[in-house]
Amino acid sequence: MPTLPRRFQAWLPDNPDETLLRWIFRVVVTVTIAVLAADLARLNGWIIYPDLAAAPTEIQENLPSLNLPGLPSILTPLLPDSDKRLTPLPKPEGILAKPMTIELLGGGRLMATGTITPGISKAFATEIDKRGDYIKTVVLNSPGGSIADAMAMGRLIREKKLSTEVEAGKYCASSCPLVFAGGIERRAGDKAVIGVHQVAAIASAANGPPRDEMSMAQDVSARCQRYLAEMGINLQVWVHAMETPHDKLFVFKPDELKALNLATTIPATPVPSVPAKARSKESAIAAPR
């Protein structure tokens, strides 16, 4: 009985190139149809892939288990050359990579340092209630994290009429500016890094049906815009976030922080001094003759 390779070798001389190409085309079309059918089945819930067991039903950022390389951003920049202001997103290290800690400092200052993990807003509220009226300012140094918790913290800060601050040279990125926006007074120190980008990951409920990621992105966008409007922040802040891929960061310049009302107090820009010789010449010109 002839083997399959021998049958193919016997069949090939009797079939011109056109016939061979036709068969290759049919195979490609068949594979494409199969892939499309699998995608359709997944989108309609006919096939349910296992979800992350511990993934909460909320929108989060900076989750290493979900921030897979090579995946496209949920929303991509729409403006040409929009990446000229962007910097690569720094990878949190040291204390910033750990879950947020809340430490009471002197002078009525509460220091919140590290990643905003799901549920941290409850611990933050407990700490605020415990300290009563002693706390006046929440000092932030965070790479971001859970958007829901960031907005909850920001709303509590506004309710308690507290101020927020990012100290000189410190870091407040991703969802952290949502917390910062809650302050009655919002102080940015010299060379403080305050920046935003798109939502990095969307988690769905464990063993739940597949989610429409675009719909969820639109939902979180609406929630964040509504929140920023409540806080009196210019919504251009969120436009910059949506134009920035999740692996990059849009860092606000000091004058932008003030113009967008994201910060109420920024470092004073030094006035250029006039050299003594130049001042004497100006005085001579201005003197009446």
Side-chain angles (χ1 to χ4, degrees), residues 58-62 75 85-90 92 96 100 102 110-118 120-121 124 137-159 162-201 217 220-267:
E58 63 176 49
I59 299 176
Q60 302 173 10
E61 290 185 312
N62 299 334
L75 298 174
R85 280 286 309 279
L86 310 185
T87 61
L89 182 66
L96 292 182
M100 178 170 279
I102 303 170
L110 190 69
M111 185 78 188
T113 305
T115 301
I116 304 173
T117 51
I120 192 63
S121 59
F124 178 77
T137 301
V138 176
V139 184
L140 299 165
N141 187 22
S142 170
S146 167
I147 291 179
D149 284 83
M151 289 192 291
M153 292 170 68
R155 284 196 169 99
L156 180 60
I157 289 172
R158 181 61 60 93
E159 177 187 335
L162 306 178
S163 297
T164 51
E165 181 178 359
V166 180
E167 295 178 317
K170 298 300 183 181
Y171 187 63
C172 181
S174 300
S175 65
C176 176
L178 296 175
V179 184
F180 181 68
I184 293 295
E185 183 181 355
R186 302 175 290 281
R187 299 186 290 268
D190 184 35
K191 297 182 180 178
V193 176
I194 300 177
V196 293
H197 62 74
Q198 294 171 8
V199 179
V220 72
S221 179
R223 288 164 54 195
C224 289
Q225 289 181 66
R226 185 180 300 111
Y227 169 82
L228 290 172
E230 290 174 7
M231 300 297 131
I233 311 299
N234 192 312
L235 294 186
Q236 185 67 27
V237 169
W238 191 249
V239 172
H240 287 308
M242 289 294 92
E243 288 176 351
T244 305
H246 67 256
D247 59 346
K248 298 187 183 302
L249 191 67
F250 182 95
V251 179
F252 294 98
K253 298 177 181 178
D255 58 337
E256 290 174 330
L257 290 171
K258 194 69 177 292
L260 298 175
N261 203 33
L262 187 55
T264 57
T265 304
I266 60 174

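Taking C224 as the reference, nothing meets the disulfide bond (SG atoms under 2.5 Å apart) condition, with sequence neighbours excluded. Partners of E185 according to the side chain to side chain donor-acceptor pair (under 3.5 Å) rule, which considers only residues two or more places apart in sequence or in another chain, are R187, T265. For R158, there are no side chain to side chain donor-acceptor pair (under 3.5 Å) partners two or more places apart in sequence or in a different chain. In this view, T113 satisfies the side chain to side chain donor-acceptor pair (under 3.5 Å) rule with no residue, not counting sequence neighbours.
Atoms CD1 and OG, from I147 and S221 in turn, are 9.5 Å apart once rounded to the nearest 0.5 Å. Atom CG in L140 sits 4.5 Å away from atom SG in C176 (nearest 0.5 Å). Atom CG of residue L162 and atom CG of residue L156 lie 7.0 Å apart, to the nearest 0.5 angstrom. Atom-to-atom distance recorded for T137:OG1 and I184:CD1 is 11.5 Å, nearest 0.5 angstrom.
Remark: the backbone N or O of N261 is not paired with any side-chain donor or acceptor of N234 at under 3.5 angstrom. Using modelled atom types, no side-chain atom of S175 and backbone atom of G144 make a donor-acceptor pair closer than 3.5 Å. S174 contributes a side-chain N or O that, together with a main-chain N or O of P143, makes up a donor-acceptor pair within less than 3.5 Å. For T264 (side chain) and R186 (main-chain N/O), a donor-acceptor pair under 3.5 Å exists by modelled atom type. The main-chain N or O of F180 is found under 3.5 Å from a side-chain atom of T164 such that the two form a donor-acceptor pair. Looking only at distances, a side-chain donor or acceptor of S146 sits under 3.5 Å from a matching main-chain atom of D149.
Here salt bridge (Lys or Arg N to Asp or Glu O under 4.0 Å) pairs that include residues 224-241, with residues two or more places apart or in two chains, are R155-E230. Among residues at least two apart or in separate chains, salt bridge (Lys or Arg N to Asp or Glu O under 4.0 Å) pairs with a member in residues 255-265 are R85-E256. A salt bridge (Lys or Arg N to Asp or Glu O under 4.0 Å) check over residues 167-184, counting only residues at least two apart or in different chains, returns the pairs R109-E167.
Within the 4.5 Å cutoff, the side chain of Y171 has heavy atoms near those of the P90 side chain. Within the 4.5 Å cutoff, the side chain of F124 has no heavy atoms near those of the V179 side chain. Considering only heavy atoms from C-beta on, L260 comes within 4.5 Å of Q236 through its side chain. By the 4.5 Å heavy-atom criterion applied to side chains, L86 and H197 are not counted as neighbours. By the 4.5 Å heavy-atom criterion applied to side chains, L249 and T244 are not counted as neighbours. With a 4.5 Å cut-off on side-chain heavy atoms, M100 and S142 count as touching. Here the side chains of W238 and V196 are not in contact, with every heavy-atom distance at 4.5 Å or above. In this structure the side chain of N141 never reaches within 4.5 angstrom of the side chain of E165, judged on heavy atoms.
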Output side-chain donor-acceptor pairs under 3.5 Å for residues 188-195, partner residues at least two apart or in another chain, one line each.
none

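Between F250 and H240, the angle of the ring planes stays under 30°, which puts this pair in the parallel group of the 30/60° scheme.
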Q.
For a side chain to side chain contact (heavy atoms under 4.5 Å, CB included) check, start with the C-alpha distance between T115 and L96, then their side-chain angles and the critical distance, and finish with the verdict.
A. CA-CA 6 Å; T115 301; L96 292 182; 5.9 Å; no
